[in-house]
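In this text the structure is predicted, and so the values were computed from the model without any measurement.
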Amino acid sequence: MPRPFAVALGLLVALPGSAALGAPTRLRLSFTGKDPATSVGIAWNDLGGPCQPSVEYGTAPGSYPLKAQGTASPLSTTLGSQCEVELTGLAPATTYYYRAGTPGSGYAKEQSFRTAPPTHPSCGSFRFAVSGDSRAESWEGDKGVSTIWATISALAAAHQPALILHSGDIIYDGTNEKQWANHLEATAPVSARFPILYALGNHDNGPGEGDGANFNRLFFFPRAEKALGGSGTEDHYVVRLGHAIFVVLSTESYSSGAIPFKQQADWLDQVLTQNPARWKFVVLHKPIYTGYLFINHKPNEAGQNAALVPVFNKHHVDIVFQGHNHFYERFVPSACVNGASDNPCPAGSFEKGTVYITAGGGGAFPVIFAGG
C-alpha cells in the first residue's frame with residue numbers, strides 16, 4: 001500500500017541587524033544524534049569576548065528553572081567565539097522557552113522551540129521542510145546569502161516543521177567568514193526556533209576539509225561514526241526522528257574508496273542496516289539525476305552514483321533531496337540496476353523505487369526553464 005507523506009519545499013528570511021557586542025547572537029538549533037523528542041543542540045556566537053556556554057530553560061515564558069552547560073571555542077574577529085550546549089532529558093512534544101548566556105556576558109532574547117513527538121506505536125506524523133542553494137551570486141560581493149533567503153525560511157517556519165533540511169550552497173564562498181556571519185544573522189529568526197540540518201555544497205567548502213572548515217566549526221551536528229566507517233566529522237551524519245531516518249551526505253568531501261564515494265556509501269549502508277526505519281530520507285547537494293541544459297549542472301557530476309545508488313536501492317530510500325540546480329524537479333520512483341547510470345530507471349511504484357527531488361533553490365539566481 002502506498003505510504004502517504006507530505007514535504008514542504010522552499011524556504012525564506014529578511015536580514016536583521018547584528019546583536020550588541022557581548023551578548024549571544026546567531027542562535028541556531030540542531031539535532032546532535034540523540035532522540036529529537038528528548039534533546040536538542042543549541043549553538044551561537046559571542047562577538048564581545050570568550051563565549052559563556054550556558055543555557056537557562058523551562059516550559060513557561062520568562063521562567064528558567066533548568067540550566068545546561070556546554071563547550072566554547074574561539075573562532076575569529078568576524079565570527080567571535082562559539083558556544084555549543086546540548087539540552088537532554090526533555091519531554092516529548094513540549095514547548096520550551098530558553099535564553100542563552102549568563103549575567104556576566106549578557107543574555108540573548110528569549111526564544112522557544114518544541115521537541116519532536118514521541119515515537120508513535122504504529123505511525124504518527126510530523127512535518128519537515130526542504131530547501132537549499134540560499135547563496136548570493138558573485139556579483140553581490142561579500143553578501144554571501146540571498147536577499148530573499150530570510151523570507152523563504154520564514155515561510156517554511158510558518159508551517160511549524162519539526163526540522164528543516166538544507167541541500168547545500170549555503171553561501172557563495174565557504175572561505176569567507178563575513179558571508180557565514182551574514183547567513184547566520186539572516187537565518188537566526190528561524191534557526192533559533194527550528195532545527196536546520198545542512199548538507200555541504202560546493203560553494204561551502206573551506207578552508208581545508210573536516211574539522212578545520214568553517215562549515216564544521218559553525219554547525220553542531222552528529223559526527224559520522226568511525227566505527228561504522230564514517231569520517232568522524234560533521235560532513236556527513238544521521239538523525240533519527242520517530243519512524244524516519246534522515247541521512248545527510250557530502251558530495252564535496254570524503255569521496256575516497258575503490259570508486260568515488262565508496263567509503264561514504266559503505267558508511268551509509270551500515271547506518272541504514274543498524275537503524276531500520278519505516279521512512280528513509282537522504283539529503284545531498286549534487287544531483288543523482290537531473291534534466292540537463294547547457295546552463296545547468298549535469299547529473300552524477302561528482303561521479304557519486306555508482307557508489308550511492310545501489311545503497312539507496314538496497315535499503316529502499318524513499319526520497320533523495322538534492323540541490324545544485326536552481327529549479328524544482330521530481331522524478332518518478334527509480335531503481336537502476338546499473339547504479340552508475342546518469343538517467344533514472346522507472347521502477348513502476350513507490351514500493352519499488354526511490355524518488356529524486358531537486359528542491360528548486362532557496363534564493364540563488366533561479367533557472368526559469370529546464371529540461372528533465
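No close placement of the F113 and F194 rings is indicated, their centers lying 6.0 Å or farther apart. Centroid-to-centroid, the aromatic rings of F281 and F128 come within less than 6.0 Å.
Not a single donor-acceptor pair under 3.5 Å links the side chain of T358 to the backbone N or O of G360. The main-chain N or O of Y328 is never found under 3.5 Å from a side-chain atom of R330 such that the two would form a donor-acceptor pair. A side-chain donor-acceptor contact under 3.5 Å links H316 to the backbone of F350. Within the 3.5 Å criterion, the main-chain N or O of R28 finds no donor-acceptor partner in the side chain of R26.
The nearest pair of heavy atoms linking G210 to Y254 is CA-OH, 3.5 Å. G141 approaches Q179 most closely through the heavy-atom pair O-NE2, 3.7 Å. I170 and A199 get closest at one heavy-atom pair: CD1-O, 4.1 Å.
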Residue pair K298, N296: steps toward the side-chain contact (heavy atoms from CB on, under 4.5 Å) verdict: CA-CA 6 Å; K298 63 182 181 179; N296 300 322; over 6 Å; no

Please test V282 against L249 for side-chain contact (heavy atoms from CB on, under 4.5 Å), starting from the C-alpha separation and ending with a verdict. CA-CA 7 Å; V282 168; L249 299 178; 3.7 Å; yes

Working for salt bridge (Lys or Arg N to Asp or Glu O under 4.0 Å), residues D318 and K280: CA-CA 5 Å; D318 292 284; K280 305 176 187 72; 5.4 Å; no

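Following chains of ILVMFWY side-chain contacts shorter than 4.5 Å, one can reach Y237 starting from W279, so the two form part of one hydrophobic cluster.
Looking only at atom types and distance, the side chain of T119 has no donor-acceptor partner in the side chain of H243 under 3.5 Å away. With hydrogens and angles left out, the side-chain atoms of Q322 and S167 include no donor and acceptor closer than 3.5 Å. Using modelled atom types, one finds a donor on one side chain and an acceptor on the other under 3.5 Å when comparing S134 with H166. Using modelled atom types, one finds a donor on one side chain and an acceptor on the other under 3.5 Å when comparing E329 with T290. Side-chain atoms of S76 and E177 form a donor-acceptor pair, as typed in the model, at a separation below 3.5 Å. Inspection of the E140 and Y172 side chains reveals no N or O donor paired with an N or O acceptor under 3.5 Å.
The aromatic rings of Y198 and F221 sit tilted relative to each other, their planes meeting at an angle between 30° and 60°. Using cut-offs of 30° and 60° for the angle between ring planes, the H324 and H285 rings count as perpendicular.
The CG atom of D342 sits 11.0 Å away from atom CD of E301, with the distance rounded to the nearest 0.5 Å.
Within the 4.5 Å cutoff, the side chain of T233 has heavy atoms near those of the D211 side chain.
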